[in-house]
Amino acid sequence: MSIHTILETKVKVAARSIFDAELPSVEFQPTRKDFEGDITVVVFPMLRVLKGNPVQIGEQLGAYLKDEVAEVSGYNVVKGFLNLVISDSFYLDFFNGIKDLSDFGLVKESAKDAIMVEYSSPNTNKPLHLGHIRNNLLGYSVAEILKASGKKVYKAQIINDRGIHICKSMLAWQRFGNGETPESTGLKGDKLVGNYYVAFDKAYKEEIAQMMADGVEEKVAVKEAPILLEAQEMLQKWETGDKEVVSLWKKMNGWVYKGFEETYKNMGVDFDKLYYESNTYLLGKDFVADGLKRGVFYKKDDGSVWIDLTDEGLDEKIVLRSDGTAVYMTQDIGTAIQRVKDYPDINGMVYTVGNEQDYHFKVLFLILKKLGFSWAEQLHHLSYGMVDLPSGKMKSREGTVVDADDLMVDMTATARELSEELGKLEEYSHEEKQVLYKMVGLGALKYYLLKVDPKKRILFNPEESVDFQGNTGPFIQYTYARIQSILRKAKDTNVDLSTPLEATEELHPKEKELIKQLQIFPETIQLAAAHYSPALIANYVYDLVKEFNSFYQQISILGETNEKQKVLRVQLSKKVSEVIESGFRLLGIDVPERM
RNA sequence: GGUGGCAUAGCUCAGCUGGAUAGAGCACCUGCCUUCUAAGCAGGCGGUCCUAGGUUCGAAUCCUAGUGCCAUCACCA
């Protein structure tokens, strides 16, 4: 039973016996650092039921609790706040209970209630950039957090492998490529294909300029540039299954997938299931037809099918073109349903997609509800803010993107420079150092992107790069490494960790604070899962680490002469490092033995 | 114009269902490495919580209106 539950019951009993009044609820908060105590009962809300002076009420309740509740060892009242001192033995007991749990804070997966988390879902015409990194890290992390909160999770992505965008790259390659391949150029496949996407845009713009010079109106030129018409023709050929086009499409997408795989591997993300738009883009029409029959949709005179969402404060939205072809929405309806067919235990989905598509998902979810799917109640758009540069939006066609691979390499290089400057790694081999540099560089990047509330936009300044000090990934990794160093020394000096921790020991305030912070790890995971927010985990781990560093700097751990006290401190350090590790695992960040 | 999101220290961000004197990091200034890793610790400086009303014993937090920035409102994806 949690301490809050115990206290709530007792406070109610106290109110009954002292004031003969029934409290509907009791409000707690952690006691502020500048007051004595651990848990604070807020008296003000009780005034609705108990008439009187809040300070006096606080005093009376405090005295009662101190006498009647074993866990309460003291109290003081400031204004309407009753600060309770919780006994050391309570915290020690708690710590004893968790110190040997390898999965502290994590909830075992329950068989039912699977949830699919979609993230990444790139187009196949260009390499991944910083925006994709945020998407991938968020999706991956939320998936891990949901798992840790007890859900079964399938990670999925839908690869946008067809459409005009890839035809543009294909056409440009055909025209200007001279048979180039990743092998012949030494370029990563996604980079190579991306280059042709840019080449297409360049040629396209030149044609427009030429046409305008020849007196064609811009509006017309934009639509009728020959190279664009040719790309559209290519798309039609693709749709009819033209052998040559399909084979080129397969070849170039194959290059891209290989490139993506490498990027994903470096980023440390993975998927349980891959969907390809080329397989799913025709899905959904049947359900539109069905919904039409049932009056969910309606048909306009020109044959196009719509849904009227004006009652919900939204607009009318098209779900099928007049020529009977699917729009994006049609596909998304079909794909959602397909996923539940593929995984019947799914009861909910999370879509990690930028906030520019907020409206789309609002509509999609509403449609699925109106179509009557039970799981439609459990859909969530994990909407996140854009990553912008000081110069504004990233635009791949204009070359103003921060490339994902380049950025990871840069971060690793920065970590190496810093590390070499500090020179603490004599014992490491060359290979071990490389692994560490990457771990720290990526740790900095991942933490930087994940510690911010997902819905806020991030301004990324490549000039200033990412910090390695303060509230950063490396700071936390460093703390972890320091603890590992202590644990190694404890082992070398034969500190017997099996020595039982006794409730008779008096806790140092720093020890107590650490235990309090450990205590809220499980609820933090649940909160982060409920809010789909890795930022909550990041902030929690940061607070824990700050608390630990203060502890570490102020009191001696291995130098402690009282053996029992020493064991407690080593145990505490060990547990803190384990929680750092599991917290960081939820963010997809690794932790080092040394740094 | 309609809709949605955001606005907190010079900069980057926390602030859970309303609670005490609004917290961190960076930057700047002071101290601390013969003692467990100084990527650290301790302290200082720094605030009209966008503005104006309202609800409340109590508002950065909730409500209304306004301002600014961003997104969105296509038979595009």
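Predicted model only: the values in this text are computed from it and were never measured. Chain naming here is simple, since letters A, B, ... match the order of the sequence lines and numbering starts at 1 in each.
Checking A:D34 against A:S556, the closest nucleotide of RNA chain B that is more toward the 5' end is the one next to A:D34.
Here A:R457 does not reach the OP1 or OP2 of B:C70: none of its side-chain N or O atoms lies under 4.0 Å away. The shortest distance between the side-chain N/O atoms of A:K456 and the OP1/OP2 oxygens of B:A7 is below 4.0 Å. Side-chain nitrogen and oxygen atoms of A:K455 include at least one within less than 4.0 Å of the OP1 or OP2 phosphate oxygen of B:C6. For the OP1/OP2 pair of B:C76 and a distance below 4.0 Å, the side-chain nitrogens and oxygens of A:R321 include at least one atom meeting the criterion. Taking only side-chain nitrogens and oxygens, A:R482 comes nearer than 4.0 Å to OP1 or OP2 of B:A38. Contact annotation: A:S485 side-chain N/O to B:U37 OP1/OP2 distance is under 4.0 Å. In terms of phosphate contacts, A:N471 brings no side-chain nitrogen or oxygen within less than 4.0 Å of OP1 or OP2 of B:A24. In terms of phosphate contacts, A:R32 brings a side-chain nitrogen or oxygen within less than 4.0 Å of OP1 or OP2 of B:G23. Dashed line: the shortest gap from a side-chain N or O of A:K79 to OP1 or OP2 of B:U21 is under 4.0 Å.
The CG-P distance, from A:D467 to B:A27, rounds to 7 Å in whole Å. Taking atom CG of A:D315 as the reference point, atom P of B:G4 lies 12 Å away to the nearest angstrom.
Distance alone, capped at 3.5 Å, places no donor-acceptor pair between the A:Y281 side chain and the A:A326 backbone. No side-chain donor-acceptor contact under 3.5 Å links A:D38 to the backbone of A:V85.
When each of A:K456, A:R457, A:K393 is checked for a salt bridge (charged side-chain N to carboxylate O under 4.0 Å, His left out) with A:D388, only A:R457 meets the rule.
For A:F44, the listed nucleotide lying nearest its side chain is B:G19; candidates were B:G19, B:C36, B:U21. Closest to the A:Q469 side chain, of the nucleotides B:A14, B:C41, B:C26, is B:C26. Candidate nucleotides B:C36, B:A20, B:G58 were compared by shortest atom distance to the side chain of A:K489, and B:C36 ranks first. Side-chain proximity of A:E356 to B:A77, B:A71, B:A38: nearest is B:A71. Here the side chain of A:S550 is nearest to one of B:A42, B:C57, B:A77, namely B:A42. Counting only heavy atoms from C-beta on, A:V452 has its side chain closest to B:A14 among B:U37, B:A14, B:G19. Minimum atom distance to the side chain of A:Q29 is reached by B:G19, of the listed B:A38, B:C57, B:G19. In this structure, the nucleotide among B:U37, B:C16, B:C13 sitting nearest to the side chain of A:L527 is B:C16. Distances from the side chain of A:D358 to the nucleotides B:A20, B:C41, B:G4 place B:G4 closest.
Below the 3.5 angstrom threshold, one finds a donor paired with an acceptor across the side chain of A:T40 and the base of B:A20. A donor-acceptor contact under 3.5 Å is not formed by the side chain of A:D332 with the base of B:A77.
In this structure, A:F81 packs face-to-face on the six-membered ring of B:A20, meeting both the 5.5 Å centre cutoff and the 30° plane limit. Where stacking is scored as ring centres under 5.5 Å apart with planes under 30°, A:Y359 does not register as stacked on the base of B:G4. Stacking annotation: A:Y542 is not stacked on the base of B:A24 (requires ring centroids less than 5.5 angstrom apart and an interplanar angle below 30 degrees).
Taking 90° from 0 as the syn/anti boundary, the base of B:C33 is oriented syn.
Taking the C1' atom of each, B:G25 and B:G43 are spaced 16 Å apart, rounded to whole Å. On the P atoms, B:G18 is 36 Å away from B:G40, given to the nearest whole Å. Look at the P atom in both B:U72 and B:C50: the space between them is 25 Å, to the nearest Å. The gap from the C1' atom of B:A9 to that of B:G44 amounts to 15 Å, rounded to the nearest Å. On the C1' atoms, B:U64 is 23 Å away from B:C70, given to the nearest whole Å.
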Check your understanding: Would A:S278 and A:D161 count as a side-chain hydrogen bond (donor to acceptor under 3.5 Å, both in side chains) if you check the C-alpha gap in whole Å, the side-chain angles of each, and the deciding distance to 0.1 Å?
Key -> CA-CA 6 Å; A:S278 53; A:D161 62 344; 2.5 Å; yes
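Here B:A20 sits opposite no nucleotide as a Watson-Crick or G-U wobble pair (both hydrogen-bonding atom distances under 3.5 Å). Nucleotide B:C6: paired with B:G68 (Watson-Crick or G-U wobble, both distances less than 3.5 Å).
The closest side-chain heavy-atom distance from A:P122 to A:L128 is below 4.5 Å.
Under a 4.0 Å N-O distance rule, the pair A:K510/A:E513 does not qualify as a salt bridge. Salt-bridge formation is detected for the pair A:E547/A:K33: a Lys NZ or Arg NE/NH1/NH2 atom is positioned less than 4.0 Å from an Asp or Glu carboxylate oxygen.
Relative to the ring axis of A:W306, A:K300 places its NZ or CZ within 45° and under 6.0 Å from the centre.
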